[in-house]
Structure formats: structure tokens, C-alpha cells
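Remarks on the structure that follows.
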Amino acid sequence: MTTVIKGGTIVTADLTYKADVKVDGGKIVEIGPNLSGDTVLDATGCYVMPGGIDPHVHLEMPFMGTYSADDFESGTRAGLAGGTTMVVDFCLPAPDQSLLEALTMWDNKTSRATADYSFHMAITGWNERIFDEMKVIVQEKGINTFKHFMAYKGALMVNDDEMFASFQRCAELGALPLVHAENGDVVASMTAKLLAEGNDGPEAHAYSRPPEVEGEATNRAIMLADMAGVPLYVVHTSCEQAHEAIRRARQKGMRVYGEPLIQHLTLDESEYFNKDWDHAARRVMSPPFRNKQHQDSLWAGLQSGSLSVVATDHCAFTTEQKRFGVGNFAKIPNGTGGLEDRLPMLWTYGVMTGRLTMNEFVAVTSTNIAKILNIYPKKGAVLVGADADLVVWDPKRSKTISAETQQSSIDYNVFEGKQVTGLPRFTLTRGYVAIEEDTVKTREGHGQFVKREPFTAVNKALSTWKELVAPRKVERTGIPATGV
Ligand code: URP
Ligand code: ZN
Ligand code: ZN
Ligand code: ZN
């Protein structure tokens, strides 16, 4: 059974051209004019693009005394409804838990996934077993990324010695370290001070983690990665201070990637000063939303290429869960949703405003991350042989974002009331038409795990690198006797 997407304009990260796309057995089998097939999808007036890849989601994740509300079924369904055909979730072992045991637990959550997925493995402690297991994770389990939390002290946070050891291990294994870059010690100290002074509302969350906290940690992680000789991926880059560190590193030739979120690009810190406690608490996430100058910096980074990927960090909690933090902002579960809205929001606020070209849109929502994760061109491409993870994008369809009509299982939407233009006409996951305009036909269990092979890319930019890897020992003629 073949499907032909007919009459559309193909938009990839580097080309825009008119052609039909033929799909068979879940793959793209032909691209060209006047194709025919068993089923025809009318793409007249539409752009045919690689489906979005969201490399940063937390589905059914145990966190801050609860579980994030969207699971692999509702999360991937929300993704498909918004044109996202693959997600990468984070496997979070407890500090003394075996990585492999945690991976089995995470695997068990995915049986109802409606779109393809993969995992990043978090390093939340350090010991010999973790060192050994990292090799199995990379060489046998198809996971080539390790996440490090520099914040959430007393829970997920790792110290510099642990992080540096893990970075060096990543370098040996051909894996890419990821960091949540905020100085967790400073956040803990500022949080305690704010609470002691009676600042317990959601607005204090933003004061507890200013941009400097993120800039410092981003710089530190970059320097550690450089010393370890490994590339680095910085998740949820939200501010100029972090962007500046990434820009500088890249200018020196280092492979450092920054990932702004659609939330940070389009929502600002004024949300925390809303008089309604629920409104503000629903937007509590780390790092927090920033002011307009930081937003401009992130948009500029996407334009110039100093920032590489737009993600969501989809980590949705219900209003009821957010209320765990009434009287103490530090207990509000951190996280916001966005999986369904990332593409329409970025199209509306990025492409339609002229900030991004259509090709840049494809690059930052799909192709760049496929390359970074080493799954290109299986994913992130409109090429013969690639998976038929495709979105037929109708630039004229519009809607007002509302919790009433969303796929996510939470009771609100941080983008509520935003008018977006540019929505999927069809979303295909490995050839299966899961979304046809407002009709959701997702299939539970259709989603498959995507294996990712190790990298050969290293980070050899700075002059210190070689000496650190191969120290030069001085043969001395006279060594003084010890002690007198
Ligand atoms: O506030 C956030 N970002 N919650 C999800 C966990 C994380 O830090 O990415
Ligand atoms: Zn994070
Ligand atoms: Zn409100
Ligand atoms: Zn996250």
C-alpha cells in the first residue's frame, strides 16, 4: 500500500521545491513530479516538511513529589497533533540506582506511545557501576546522550567532580553530555533567603534563579566539556548570559549547542506577576521566563545559528499539582507544557514575523537535532530512504490555542488565547496518517524506540586540550630530599 502526498511544496533545512512524495512501508520511496499511489493526500497550498523532533520532554516523570501529568500516549498524541513526530524523554535513575534498571522502568512506560521516541540517560550520581553501565547504555542500548543537572540540589544535582568524570567518560564512549545549567547551590541559597523574608509566592521562583545563575553554570559546563574534550548540549537556554557563553565557545570552534524553548521565546517574566496565584504557578519552570531583552537574544541566536534547536521541555502538571506549592514557591512542581504548540507558535512568531525563514524553521525544529543526535537522515529529512515522519503544513489554517481543545491531559495551557496561523493538515508517523486536520487517529503502541549510534565528533578547539589528554612529564636532574 503506497501513499502519495500530492501537490505540495517540499521545505527542508536547505531547499524549497515543488514535488510529490511517495511513501511505502513507513519510508519515503520516491520524490518527484506526478507520482501516483493507492492513497492520495492532497497537499495543495501546503508545505511538506520533516516532522518535528522534540528532544526535550518529560512524560510521566517522577519529580518534586509527583508525576508529570502527560504520559507517552497523551504526550506523543499532543506532539502529532502539532506536527511533532518524535520525542526524546529523560530517564532519571535515583542517585544510587542502576542505570540499566532505571532504563527498564522507563521502557515500561512506553507501550502506548503513538509516535517514535528515544531517551537521554541522566547521570545523577557517580560510582564505578555508573562508569561501567555507561558503556552498555551507549554500545548496546542505543543511547548516545547523558544528561547532567547542575540544579535541584539534594535531588538530581551532580557536583563538578561527578560531572567532569562523566564528561570524560562520554568522550571515551562517543557520547554527548547535556546540561541543565543553573548553579544549584546559589539557587538553594537564594530560595532559603527569599522564603525567610516571607517571599513565598510564585514570583519569588524567578528571583531565586536570575540569568547570572544560568550564565555561570553554562560557562562552567562549557569549560569542563572543553577540558574533557567532549562536545556539549545546553538544554533550555533562556537568557543572554547563557547564550553569550555558547556564542563565545562556538566562535572559538567548540561544538556547543544551545536549545531555547518555545516558551522562553514567546512568554516573559510578567506572567509571574499576575494577581492570580494559579496563573503564575502554572508558569513556574526552570529556568524561569525572562524579559524582552533575553527573548531578543534567543531569537537572534536562532537567526545567526549560535543557537541550534527549539524544544519544549514539555513537563506538564495540573493546577492541583501546582498547588502543592501554596505558601512555598519551592514546592511548586517545575515545568510547563508545549508539545502540541511548539510548531504553530514558532511558525506564527518566527516565520510569519520574518525572524526565521521556512528553511530555518525546519532546521531548528527537526533537522539540526536529528544531526546532533546522530539519527539523520533516518529522521529530520525529506529524502528517499528516510522514515516517512512528515508534516503537511497548511500555512492558512489558524486557531486560538485553548486547553478546551488540546490533547495534553492538563487543565490549562500556558499559551491560552494565542492566535496561531500555520497548522498541520496531515501528520504522518512512519507513513501512518495520525492527524488529519482536527481528526486525531493516533494508534496506541505505534511508536517505536529509535536507536542512536555513538559519535565520532570530539571537541579539540582549545590549545589546552591536547596537554590535558597527554600530559608532558618533566625529567628533572635534581629533586630535593623531602622533609628536614
Ligand atoms: O522546570 C522544568 N524545566 N522542569 C522539568 C525538568 C527540567 O529541569 O528540565
Ligand atoms: Zn532542566
Ligand atoms: Zn490566568
Ligand atoms: Zn527538562
Side-chain angles (χ1 to χ4, degrees), residues 53-71 75 79 87-93 106 117-124 145-158 163 177-184 187-188 191 202 204-206 208-211 213-215 217-218 221 232-239 242 257-265 267 269 271-272 280-290 309-318 321-322 324-325 329-339 342 369 408 410 414:
I53 300 170
D54 192 335
H56 191 158
V57 305
H58 302 276
L59 302 175
E60 207 183 328
M61 176 179 76
F63 191 50
M64 297 184 74
T66 185
Y67 282 82
S68 57
D70 278 314
D71 60 15
V87 299
V88 192
D89 194 81
F90 291 80
C91 175
L92 304 187
W106 253 256
Y117 60 90
S118 186
F119 294 118
H120 307 290
M121 176 58 70
I123 297 298
T124 53
T145 40
F146 292 94
K147 168 76 174 289
H148 306 77
F149 290 91
M150 301 170 80
Y152 305 125
K153 190 176 179 177
L156 299 167
M157 180 170 134
V158 280
M163 198 163 71
L178 276 55
V179 285
H180 169 133
E182 287 185 302
N183 185 318
V187 171
T191 300
H205 173 77
S208 74
R209 43 220 320 151
V213 156
E214 188 183 341
T218 305
L232 182 72
Y233 185 95
V234 183
V235 305
H236 49 46
T237 302
S238 77
C239 65
Y257 309 105
E259 173 207 80
L261 307 181
I262 190 63
Q263 294 93 318
H264 287 123
L265 287 161
L267 302 172
E269 63 187 4
E271 303 279 358
Y272 299 119
R282 286 163 172 167
R283 285 145 182 92
V284 163
M285 67 167 302
S286 298
F289 301 158
R290 308 294 194 187
V309 173
V310 176
T312 64
D313 191 6
H314 185 95
C315 188
F317 294 101
T318 62
Q321 290 175 308
K322 290 283 186 181
F324 292 173
F329 72 85
K331 293 194 172 153
I332 301 171
N334 285 202
T336 59
L339 245 170
R342 178 179 63 134
I369 191 64
S408 166
I410 63 168
V414 294

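All ligand and atom numbering here is 1-based and tracks the order in the structure.
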| task | Using only heavy-atom distances, determine whether the side chains of H314 and D54 contain a donor-acceptor pair under 3.5 Å. | result | no
| said: Could you check whether any side-chain heavy atom of S68 comes within less than 4.5 Å of a side-chain heavy atom of F63, counting everything from C-beta outward? | reply: no
Under 4.0 Å between heavy atoms, the region of H180 that gets near ligand 1 turns out to be side chain
- So do P202 and R283 actually touch side chain to side chain, heavy atoms under 4.5 Å? no
Counting from 1 in the order shown, the ligand 1 atoms closer than 4.0 Å to a non-hydrogen atom of H236 are 8 (O), 9 (O)
of all protein heavy atoms, closest to atom 4 (N) of ligand 1 is N334 O, 3.0 Å
* Side chains of V284 and N334: closer than 4.5 Å at any heavy-atom pair? -> yes
Any side-chain heavy atom of M61 within less than 4.5 Å of one from C315? yes
Listed as residue and atom, the protein N/O/S atoms under 2.8 Å from the Zn ion (ligand 4) are H56 NE2, H58 NE2, D313 OD1
Note to self: Do L59 and Y117 make a side-chain contact, defined as non-hydrogen atoms from C-beta onward lying under 4.5 Å apart?
What the structure shows: no
### Message
Between S238 and R290, is there a side-chain donor-acceptor contact under 3.5 Å, judged purely by atom types and distance?
### Response
yes
### Sub-3.5 Å N/O-N/O distance, Y152 and ligand 1
yes
Within 4.0 Å of some non-hydrogen atom of M285, the atoms of ligand 1 are 1 (O), 3 (N)
protein heavy-atom neighbour closest to atom 1 (O) of ligand 1 works out as S286 N, 2.8 Å
shortest atom 3 (N) of ligand 1-to-protein heavy-atom contact is with D313 OD2, 2.6 Å
Could you check whether H236 and H264 have their ring centres less than 6.0 Å apart?
no
Ligand 1 atoms nearer than 4.0 angstrom to some heavy atom of C315 are 5 (C)
Inset, instruction - Would you indicate whether the side-chain heavy atoms of H58 and D313 approach each other to under 4.5 Å? - result: yes
Are any of the side-chain heavy atoms of H56 and V309 separated by less than 4.5 Å? no
